[in-house]
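Quick note: numbers below take in every heavy atom, side chains included, and nothing from hydrogens, waters or symmetry partners. Letters A, B, ... are given to chains in the order of the sequence lines, protein chains preceding strands, and every chain is numbered from 1.
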Number of protein chains: 2
Amino acid sequence: MARLTTFAVAVDVALLTVRDGVLQLLLVEPDARGYQGALALPGGRVLDDENLDQAASRFLRDVAGVRDPEHVEQLRTYGEPERDPRARAVSVAYLALTPAPAHPPGDGERGARYVAMADVTSGVVVLAFDHDRIVPDAVERARGKLEYRPLATAFVEEPFTLAELRGVYEAVWGVALDPANFRRKVIGSPGFVVPTGDKAAPGSGGGRPATLYRRGPAARLHPAMLQPSREG
Amino acid sequence: MARLTTFAVAVDVALLTVRDGVLQLLLVEPDARGYQGALALPGGRVLDDENLDQAASRFLRDVAGVRDPEHVEQLRTYGEPERDPRARAVSVAYLALTPAPAHPPGDGERGARYVAMADVTSGVVVLAFDHDRIVPDAVERARGKLEYRPLATAFVEEPFTLAELRGVYEAVWGVALDPANFRRKVIGSPGFVVPTGDKAAPGSGGGRPATLYRRGPAARLHPAMLQPSREG
DNA sequence: TCAATAGTGTCTTTTAGACATTATATG
DNA sequence: CATATAATGTCTAAAAGACACTATTGA
């Protein structure tokens, strides 16, 4: 018989970064038995005096050791009746973006580590719970939103070069982009990036020094940075 | 002291339609005391054996009398600690789209009625609970998604003319569109609409009969139907 | 006939993309 | 010098937008 119940409410965070030229996902050891060998998104139950965004930030900080992600947004809520056999539960999923950290993250809490998204997609890494439903949604959201919001800058540390920014698009979209046309589009999108006036030192192999930029004030990109060839 | 709690989980549905050339929102009488004169989105608590989508459909049907919306999607989840003074609660908001009904909806349940979105935005209609936070998010989602998904067809009954479809974009975006260029863009977006082979009878004032179309198979629009002048 | 609405043609501007060329660094 | 990377220039094609023009109806 159908009745009203109360629910356990959790948040789960898909934190993406671009490292070594590929999209990576932060995963931790699941805290539940029955998932040996699997990894999970950082997350857990919401406390009674915090809102959902605060819960997401708390788990990023305490479970994953990430203190200041450049971008956090709500993704969607998963609430199948059979999600959790112990009690009726819903999970509010979040998408977070951060620059590639210099050191692997974590103060060791629950073995936080970055995993290449390709390994998750291909099944080399197995996800616990229903997190294999959340992750594709997170990737799709990130791919789409890079087109019309200046989100790519959340993946790079300031100041950054346009080659670094291009590397973000290439890693998230999985395509190669023409450097010349990419530059024109970024510069031609007002408020996307602003030059610092400095230049980066070339690598050991030489090369002309790259102009350095920081994040601009724009909230949307005009014109948009469209993905090539979504043709049908 | 912060503790774990269970939550009351509700869904609230922002059902949009285009009627008389303007964007309208379905509202009902709130079921809680303390909101005299205010109206609310249809919604309520999720049962223990249904998922979130099912709950949204149930409230559309039972509370609002809408049986077959053309489009339903999850919007986002609102979970401030003070949302509901009686208990910790979260609300999963949904966006739904439907063609303008011939008759005002409802079998009278909780006084379901369509209200012009302009009256909601301007404050002529007062919303109960935190529904004044949900509605702007719903409108923004609809406006944006009309650009790259064939969602506009969810607002019209099949078969439809291109003038009717254009009226949807004009009502949702609040701008006038050039009929000639609009036509070319719709026809040039493969799978957006398909002609039925029939023509509509002109109105009483005459005019060339319009070609009739139905919804096409495309899931995305290529190229997109971009809103004019989002310039800064 | 005229008024009304649907549909086509044409021209200009903007944007996207391919790709050659120039600029400035290291070794 | 050669090599590497950044930045600019040029050309073509695709798309957006303004707007004149033609087509088919009712009165």
[N] [atom2] sits how many Å from [X] [atom1], rounded?
X: A:L212; N: D:dA7; atom1: CG; atom2: C1'; result: 14 Å
X: B:L162; N: C:dG7; atom1: CG; atom2: P; result: 6 Å
X: B:R183; N: C:dG9; atom1: CZ; atom2: C1'; result: 13 Å
X: A:M225; N: C:dT15; atom1: CE; atom2: C1'; result: 12 Å

Look at the side chain of [X] and decide which nucleotide, out of [options], has an atom nearest to it.
X: B:K185; options: C:dC19, C:dT8, D:dG17; result: D:dG17
X: A:A210; options: C:dG17, D:dA16, D:dA7; result: D:dA7
X: B:D178; options: D:dC19, D:dA6, D:dG9; result: D:dC19

B:D178 side chain to B:N181 backbone, donor-acceptor under 3.5 Å: yes
Looking across every strand, which nucleic acid part, if any, lies under 4.0 Å from A:A224 by heavy atom: base, sugar-phosphate, or nothing? sugar-phosphate
Describe the nucleic acid contact of B:A163 in one word from base, sugar-phosphate, nothing, applying a heavy-atom distance below 4.0 Å. sugar-phosphate
B:R184 or B:P223, whichever maps to the more 5' nucleotide of DNA chain D: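 Here B:P223 is the residue nearer the 5' end.
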List the protein contact pattern of nucleotides 21-27 of chain D with one symbol per nucleotide (5' to 3'): B for base contact, S for sugar-phosphate-only contact, - for none; contact means a heavy-atom distance under 4.0 Å. --BBBSS
Counting only side-chain N and O atoms of B:T211, is one of them less than 4.0 Å from OP1 or OP2 of C:dA6? no
A:K199 side chain near C:dA25 phosphate (N/O to OP1/OP2, under 4.0 Å):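 For C:dA25, OP1/OP2 do not have a side-chain N/O of A:K199 under 4.0 Å.
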If the test is side-chain hydrogen bond (donor to acceptor under 3.5 Å, both in side chains), which one of B:H71, B:E140, B:E73 qualifies with B:K145?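 Between B:K145 and the candidates, side-chain hydrogen bond (donor to acceptor under 3.5 Å, both in side chains) is satisfied uniquely by B:E73.
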